[in-house]
**Student:** 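Okay, here's the structure, questions in a sec.
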Amino acid sequence: MKARCACGLTLSNYSPLDLDYEIWIKSRIFPCALRLQLGLCASVAPGRLGELLAGFRQRCAPTDLVATERSTTGLRRSLQSSDSDIIIGSGLPDSSTVHAHALWRERVFVLLPTDHALASHEAVFWTDLRDQTILLVTPDRAGSVEEMLESRIQMRGIIQNVQRHHVSRHLIHKFTRLGFGVSFILDSDVATVGDDVVYRELHDEQGQVDVCFYAHWMPSNRKFALRPFLTFLAERYPSPAER
């Protein structure tokens, strides 16, 4: 069987000894086959992402990885249109035609000014936020985590407390420091917020609120560069959640 890349070059049959050897061969014969388009939601923590990409780079150095950050809606569209080969965001896909693999879980915290009344609590419940201004980014800047949180805010009837800003999450955290309201932060981001704010676990009726991040891809995507990335993810994050 022959493989053909987007630029029209063809690779004849051969029996690779392993995936690493196959990557090496492909990189020599048609490097365009090793271009991977990665879509990211705005909620993905830079620290977690950096660890993932550094590990992949070490394992599959020839791969030409191009990353694009998009809104949740934009990510889904890019996957369907093949603008992205694989996307990373929280939650399972909303279509059975998309495959997913669980990567990691992160706890959600409420970010507070140091002098806030809730700073003395060990945990913050949704009911504690009934009289609080909740700072969120605007929908066009929201990632899947922000969308999940806003959905839960609506379920608890406190959506009127939300104040949206067309800024980055970093600036939302800055506004929290200045006392404009409370906001949310993920486990892997807490080391970046400084000493002038505090963070407390967000709880609901089931306990600590957390989110799971997944990799999503189309099984119909036959691009060669996707294969080693999926193999790497399965090895780094062994999980029965793939579907």
Side-chain angles (χ1 to χ4, degrees), residues 40-52 69 71-72 75 87-94 100 102-114 116-139 141-165 167-177 179-216 237 239 241:
L40 303 169
C41 82
S43 306
V44 177
R48 289 275 194 174
L49 180 64
E51 292 173 5
L52 186 156
E69 191 175 74
S71 66
T72 304
L75 283 178
I87 63 176
I88 296 178
S90 67
L92 286 163
D94 55 5
L103 302 179
W104 64 79
R105 303 193 75 88
E106 298 218 32
R107 294 176 295 170
V108 180
F109 293 88
V110 179
L111 196 65
L112 306 158
T114 53
H116 197 283
L118 294 176
S120 61
H121 293 208
E122 290 187 5
V124 174
F125 291 80
W126 288 112
T127 51
D128 296 324
L129 301 179
R130 285 179 298 188
D131 300 320
Q132 303 296 323
T133 298
I134 302 171
L135 306 177
L136 293 177
V137 297
T138 52
R141 287 179 170 263
S144 48
V145 172
E146 287 86 357
E147 290 184 354
M148 178 274 289
L149 290 170
E150 184 163 355
S151 173
R152 297 193 185 187
I153 289 169
Q154 286 181 317
M155 289 171 54
R156 284 156 178 81
I158 55 174
I159 193 66
Q160 70 279 359
N161 295 9
V162 171
Q163 186 181 101
R164 294 180 179 84
H165 296 269
V167 298
S168 66
R169 284 188 299 152
H170 173 74
L171 280 177
I172 289 290
H173 298 160
K174 179 66 174 179
F175 292 164
T176 302
R177 291 188 188 97
F180 288 106
V182 305
S183 57
F184 302 100
I185 192 168
L186 294 179
D187 212 348
S188 57
D189 284 333
V190 296
T192 67
V193 297
D195 298 329
D196 48 354
V197 287
V198 296
Y199 49 92
R200 297 292 180 260
E201 292 181 355
L202 176 62
H203 282 232
D204 59 16
E205 297 81 3
Q206 283 72 49
Q208 167 77 56
V209 176
D210 64 7
V211 294
C212 185
F213 283 86
Y214 289 82
H216 302 177
Y237 306 102
S239 168

**Student:** Would you please name every residue forming a side-chain hydrogen bond (donor to acceptor under 3.5 Å, both in side chains) with N161, sequence neighbours left out?
**Tutor:**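 Counting only residues at least two positions away or on another chain, N161 forms no side-chain hydrogen bond (donor to acceptor under 3.5 Å, both in side chains).
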
**Student:** Is the closest side-chain heavy-atom distance between V167 and T138 below 4.5 Å?
**Tutor:**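 No, side chains not in contact.
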
**Student:** Rounded at 0.5 Å granularity, tell me how far CG in L112 sits from OG in S183.
**Tutor:**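 OG of S183 is found 8.0 Å from CG of L112.
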
**Student:** Step through the shown structure and confirm whether more than 12 heavy atoms of other residues, nucleotides or ligands are within 6.0 Å of CZ on F180.
**Tutor:** no

**Student:** Pair M148, V211 - check side chain to side chain contact (heavy atoms under 4.5 Å, CB included), show working.
**Tutor:** CA-CA 9 Å; M148 178 274 289; V211 294; 2.9 Å; yes

**Student:** Measuring from L111:CG to R169:CZ, what's the distance to the nearest 0.5 Å?
**Tutor:**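 Taking CG in L111 and CZ in R169, the distance rounds to 12.0 Å.
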
**Student:** Flag the pair V44 / F213 as yes when at least one side-chain heavy-atom distance between them is below 4.5 Å, and no otherwise.
**Tutor:**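 V44 vs F213: side chains touch.
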
**Student:** Over all heavy atoms of both residues, which pair between V108 and L186 is shortest? Give the atoms and the distance, please.
**Tutor:**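 Heavy atoms only, the tightest pair is CG2-CD2, 3.9 Å.
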
**Student:** Rounded to the nearest 0.5 Å, how far does CD of E150 lie from CE of M155?
**Tutor:**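 Between atom CE of M155 and atom CD of E150 there are 13.5 Å.
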
**Student:** Please determine which of V190, L202, V198 meets the side chain to side chain contact (heavy atoms under 4.5 Å, CB included) test together with F109.
**Tutor:**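 Going through the options one by one, the only one that passes is V190.
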
**Student:** Flag the pair R107 and D210 as a salt bridge only when some basic side-chain nitrogen lies within less than 4.0 angstrom of an acidic carboxylate oxygen.
**Tutor:**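 No salt bridge links R107 with D210.
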
**Student:** Work out which heavy atom in Y214 is nearest to a heavy atom in A100; give both atom names and the distance.
**Tutor:**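 Heavy atoms of Y214 and A100 come nearest at CD2-CB, 4.1 Å.
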
**Student:** Are D204 and R152 packed together at the side-chain level, in the sense that at least one heavy-atom pair is separated by less than 4.5 angstrom?
**Tutor:** yes

**Student:** Side-chain donor-acceptor pairs under 3.5 Å in residues 118-134, sequence neighbours left out?
**Tutor:**
{"residue": "S120", "atom": "OG", "partner": "A117", "partner atom": "O", "Å": "3.2"}
{"residue": "D128", "atom": "OD2", "partner": "F125", "partner atom": "N", "Å": "2.8"}
{"residue": "R130", "atom": "NE", "partner": "T127", "partner atom": "O", "Å": "3.0"}
{"residue": "Q132", "atom": "OE1", "partner": "H116", "partner atom": "NE2", "Å": "2.8"}

**Student:** Say you draw a straight line from CD of E69 to CD1 of I87; how long is it, rounded to the nearest 0.5 Å?
**Tutor:** 13.0 Å

**Student:** Using side chain to side chain contact (heavy atoms under 4.5 Å, CB included), reason through V193 and T176 one step at a time and then give a plain yes or no.
**Tutor:** CA-CA 10 Å; V193 297; T176 302; over 6 Å; no

**Student:** Just how far is it from atom NE2 of H170 to atom NE2 of H173, taken to the nearest 0.5 Å?
**Tutor:**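 Spacing of NE2 (H170) from NE2 (H173) equals 9.5 Å.
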
**Student:** Does R105 pair with D187 as a salt bridge, N-O distance under 4.0 Å?
**Tutor:**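 D187 and R105: not salt-bridged.
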
**Student:** Quick check for you: to the nearest 0.5 Å, what is the distance between S90 atom OG and E106 atom CD?
**Tutor:**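 One gets 10.0 Å once the value is rounded to the nearest 0.5 Å.
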
**Student:** For A102 and C212, which heavy atoms make the closest approach, and how far apart are they?
**Tutor:**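 Between these two residues, the closest heavy atoms are CB-SG, 4.0 Å.
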
**Student:** Hey, does the side chain of E146 reach the backbone of F184 with a donor-acceptor pair shorter than 3.5 angstrom?
**Tutor:** no

